[in-house]
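In what follows, a single structure is set out as structure tokens and then discussed.
Just so it is clear, the structure is predicted and the values come from calculations on it, not from any experiment. Labels below follow one simple rule: chain letters A, B, ... track the order of the sequence lines, proteins then strands, and each chain is numbered from 1.
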Number of protein chains: 2
Amino acid sequence: MKNMSVKKKRNGPIMFPKATLERLKMYHALLQEEKSEYISSEEIARKLSIKPEQVRKDISYLDYSGKPKVGYHISSLVDALDELFGTKLRDNIIIIGAGHLGKALANYKGFVNFGIRVVAIFDNDPEKLGTYAGELVVLPLKDLDRVIRRFNVKIGTICVPGESAQKTVDLLIKKGIKAIWNFAPVILEVPENILVENMDIARSVLTLKHLLDRTPTGKIR
Amino acid sequence: MKNMSVKKKRNGPIMFPKATLERLKMYHALLQEEKSEYISSEEIARKLSIKPEQVRKDISYLDYSGKPKVGYHISSLVDALDELFGTKLRDNIIIIGAGHLGKALANYKGFVNFGIRVVAIFDNDPEKLGTYAGELVVLPLKDLDRVIRRFNVKIGTICVPGESAQKTVDLLIKKGIKAIWNFAPVILEVPENILVENMDIARSVLTLKHLLDRTPTGKIR
DNA sequence: CTATTATCGTTATAATTTTCACGTTATATT
DNA sequence: AATATAACGTGAAAATTATAACGATAATAG
Ligand SMILES: NC(=O)c1ccc[n+]([C@@H]2O[C@H](COP(=O)([O-])OP(=O)(O)OC[C@H]3O[C@@H](n4cnc5c(N)ncnc54)[C@H](O)[C@@H]3O)[C@@H](O)[C@H]2O)c1
Ligand SMILES: NC(=O)c1ccc[n+]([C@@H]2O[C@H](COP(=O)([O-])OP(=O)(O)OC[C@H]3O[C@@H](n4cnc5c(N)ncnc54)[C@H](O)[C@@H]3O)[C@@H](O)[C@H]2O)c1
């Protein structure tokens with residue numbers, strides 16, 4: 001009789017450690033590329049430069065079990081991760097700011113793999129209104145209300161300059177947005193029931209700069 | 001006699017906990033926007049929804065001290081963070097892949113604030129060669145060697161599709177690149193002396209999807 | 001000048017996360 | 001069918017990280 005262990009999952013929502021969630025996303029990325037049928041914790045660990053025990057512990061949080069002697073059935077594990085992240089459910093999102101980055105996102109074909117559909121892109125520059133970003137016409141902010149209701153949009157993407165970010169967020173929240181995907185390099189203040197995910201692209205390179213300065217190889221510069 | 005405590009820093013390179021480094025980046029983002037002269041750990045903590053003790057502990061890693069009764073002198077603290085991250089030293093970087101994202105990055109004016117200069121952008125599509133991305137002409141891969149040497153490039157930015165990412169990285173490493181800033185949604189395998197920072201933009205939205213499903217407000221969808 | 005107070009820096013304590021160690025189980029072998 | 005083995009799952013130990021507590025200190029008020 002397999003899987004008789006009572007999973008923590010059953011008793012209310014588990015809190016995933018933030019680091020575990022990040023690693024689960026890495027497993028998701030890795031496994032999606034894998035061609036074979038099974039993979040061991042050891043192989044996953046090797047490819048990600050972590051310990052196999054860590055991999056097993058992380059996966060034990062999921063509603064999924066591997067097979068002794070064989071490893072993890074990749075497509076089932078991906079299913080479990082898809083379940084965790086809701087990638088099979090589609091969320092409609094909007095983008096505010098039809099500049100270089102906003103347009104790149106609007107053109108991105110890969111979002112479908114993550115259960116994301118960009119339903120509209122907005123800008124406040126009259127010159128930009130009516131132009132195209134991918135398949136989408138750039139809309140004025142006055143259309144926000146209509147679009148958010150019509151497509152039941154929960155996630156708003158901030159692609160405006162840093163100095164406009166906070167007021168844009170305030171507006172989105174007033175219009176009913178529940179989660180902010182923030183690409184502006186600033187810290188946003190939001191009510192505590194609103195989620196924020198910061199994608200501070202440029203600042204992320206500082207990790208590399210920091211480490212390059214401290215790594216034997218990179219020391220000379 | 002102030003600052004008589006022997007900082008850990010003095011005895012060899014400190015290891016910053018990953019979470020601490022991430023928070024230090026957030027302080028950097030927050031403080032750069034701050035207009036006043038001083039700020040307290042309490043105010044920083046409030047704006048980032050963390051505890052003030054955490055802020056003080058993080059800052060204690062730096063070669064910087066605040067003032068009792070007053071708080072942290074913002075511009076000095078920013079200087080200490082700039083020092084930590086090397087934002088005042090310029091690194092020349094290259095971009096591989098002159099598609100939507102690569103061009104957006106090539107056009108980004110904000111990199112100067114992070115000590116980054118994009119010196120070249122490459123593509124393997126003959127149609128793209130010679131076209132412009134910002135100020136830069138799109139170059140063929142055969143120019144890699146020359147550019148990397150001429151500008152002493154340590155960091156390579158991956159903006160090619162996932163399926164080309166690994167071979168592009170292999171090539172860059174062969175040409176002497178020491179750090180990879182990876183925007184492709186795949187896990188890269190590199191020798192252990194090579195640094196990798198993954199900017200898996202699309203996958204980052206999964207955190208929001210995951211939490212929206214588990215947050216009272218976002219439950220109904 | 002002294003007392004008071006706000007806020008830092010740091011040591012001690014608590015909580016969390018990772019690693020270890022080993023029992024369990026599915027498959028393969030003799 | 002019994003045995004060997006590879007890999008998982010998990011409870012316990014270790015390590016790391018976060019929180020709390022508190023003494024030290026600079027500014028301010030009296
Ligand atoms: N381009 C990149 O590669 C890159 C890299 C790192 C960070 N970012 C950040 O992403 C954001 C967007 O960058 P970008 O390069 O696309 O900038 P951009 O200047 O090309 O585009 C910004 C767009 O926002 C619009 N806008 C400004 N204020 C607005 C408002 N209040 N409401 C609606 N629209 C408004 C502008 O009209 C413009 O079209 C910025 O915060 C930037 O710092 C971009
Ligand atoms: N555009 C986005 O907003 C976005 C969002 C998330 C992730 N990404 C990721 O970023 C990467 C780039 O995305 P994009 O939208 O710019 O794609 P894109 O298709 O617009 O551009 C890719 C470019 O890479 C070039 N290329 C392909 N193989 C190459 C090779 N071997 N050597 C050199 N150049 C090569 C192509 O000619 C093309 O110009 C992809 O991995 C994508 O998954 C992009």
Side-chain angles (χ1 to χ4, degrees), chain A residues 1-11 14-27 31 34 36-74 76-77 80-81, chain B residues 1-11 14-27 31 34 36-74 76-77 80-81:
Chain A
M1 197 177 293
K2 64 183 74 169
N3 254 336
M4 52 185 310
S5 68
V6 178
K7 279 276 160 112
K8 286 162 237 157
K9 192 160 196 181
R10 304 291 175 217
N11 339 332
I14 344 159
M15 255 304 130
F16 285 77
K18 176 122 184 72
T20 294
L21 260 191
E22 289 307 306
R23 283 190 302 269
L24 288 171
K25 282 196 271 183
M26 296 201 292
Y27 306 157
L31 297 178
E34 265 326 296
S36 48
E37 197 176 356
Y38 288 91
I39 192 170
S40 66
S41 57
E42 193 142 355
E43 191 173 350
I44 295 175
R46 188 179 49 70
K47 292 191 173 174
L48 294 171
S49 307
I50 59 179
K51 299 264 163 78
E53 298 87 347
Q54 182 74 80
V55 173
R56 295 205 295 277
K57 186 68 116 192
D58 289 339
I59 290 176
S60 78
Y61 283 102
L62 301 174
D63 194 8
Y64 169 81
S65 286
K67 279 195 202 178
K69 186 80 188 267
V70 177
Y72 299 103
H73 188 255
I74 293 180
S76 311
L77 180 48
L81 289 166
Chain B
M1 195 178 293
K2 64 182 75 168
N3 254 337
M4 53 185 309
S5 68
V6 177
K7 279 273 161 113
K8 287 161 232 158
K9 193 160 195 179
R10 304 294 176 214
N11 340 333
I14 345 157
M15 254 303 129
F16 285 77
K18 176 121 185 72
T20 293
L21 260 189
E22 289 307 307
R23 282 190 301 269
L24 288 171
K25 283 195 270 182
M26 295 201 292
Y27 306 156
L31 298 178
E34 244 2 91
S36 48
E37 197 177 355
Y38 286 92
I39 192 170
S40 67
S41 58
E42 193 142 356
E43 191 174 351
I44 294 175
R46 189 179 48 71
K47 292 192 173 174
L48 295 172
S49 307
I50 60 179
K51 298 266 164 77
E53 297 87 350
Q54 182 74 79
V55 173
R56 296 206 294 275
K57 185 50 119 358
D58 289 339
I59 290 175
S60 78
Y61 283 101
L62 302 174
D63 195 8
Y64 169 81
S65 285
K67 279 196 202 176
K69 185 79 188 268
V70 177
Y72 299 102
H73 187 254
I74 293 180
S76 311
L77 180 48
L81 290 165

Comparing B:Pro68 and A:Gln54 on DNA chain C - which has the more 5′ nearest nucleotide:
B:Pro68
Any chance you could measure A:Glu22, atom CD, to B:Glu22, atom CD, to the nearest 0.5 Å?
9.0 Å
Distance-only donor-acceptor test, A:Lys57 side-chain atoms vs C:dT17 base atoms, 3.5 Å:
no
Indicate whether OP1 or OP2 belonging to C:dA26 is found under 4.0 Å from a side-chain N or O atom of A:Tyr38.
no
What integer distance in Å separates A:Arg56:CZ from D:dT10:P?
11 Å
Is it the case that the side chain of A:Tyr61 and the backbone of A:Leu21 share a donor-acceptor pair, with hydrogens and angles ignored and the cut-off at 3.5 Å?
no
Hey, does the side-chain of B:Lys67 have a donor or acceptor N/O within less than 3.5 Å of a partner on the base of C:dG9?
no
Any sub-3.5 Å donor-acceptor pair from B:Tyr64's side-chain atoms to B:His73's backbone N or O?
yes
Starting from C1' on D:dA7, measure out to CD on A:Glu53 and report it in whole angstrom.
12 Å
When the distance from CD1 of B:Ile44 to P of C:dG9 is rounded to whole Å, what number comes out?
11 Å
Carboxylate-amine/guanidinium contact A:Arg56 A:Glu53, below 4.0 Å
no
Side chain of A:Ser41: nearest nucleotide among C:dT18, C:dC20, D:dC8?
D:dC8
Between C:dT16 atom C1' and A:Tyr61 atom OH, what is the distance in whole Å?
9 Å
Taking the minimum atom-to-atom distance to the side chain of B:Pro17, which one of D:dA27, D:dT17, C:dT10 wins?
D:dT17
B:Asp63 has an atom CG; how far is it from atom P of C:dG9, in whole Å?
12 Å
With a 3.5 Å cut-off and heavy atoms only, can you find an N or O donor on one side and an acceptor on the other between the side chain of B:Lys69 and the base of C:dT7?
no
Tell me which nucleotide among C:dC20, C:dG9, C:dT18 gets nearest to the side chain of A:Arg23.
C:dT18
Counting C-beta onward and ignoring hydrogens, is there a side-chain heavy-atom pair between B:Phe16 and B:Arg23 closer than 4.5 Å?
no
Reading DNA chain C from 5' onward, which residue's closest nucleotide shows up sooner: A:Val70 or B:Ser40?
B:Ser40
Roughly how many Å is it from CG in B:Asp58 to P in C:dC8, rounded to a whole number?
13 Å
Could you tell me the separation between the OH atom of A:Tyr64 and the P atom of D:dT10, rounded to a whole number of Å?
14 Å
Give the rounded distance in Å between these two atoms: CG of A:Leu62 and C1' of D:dG9.
13 Å
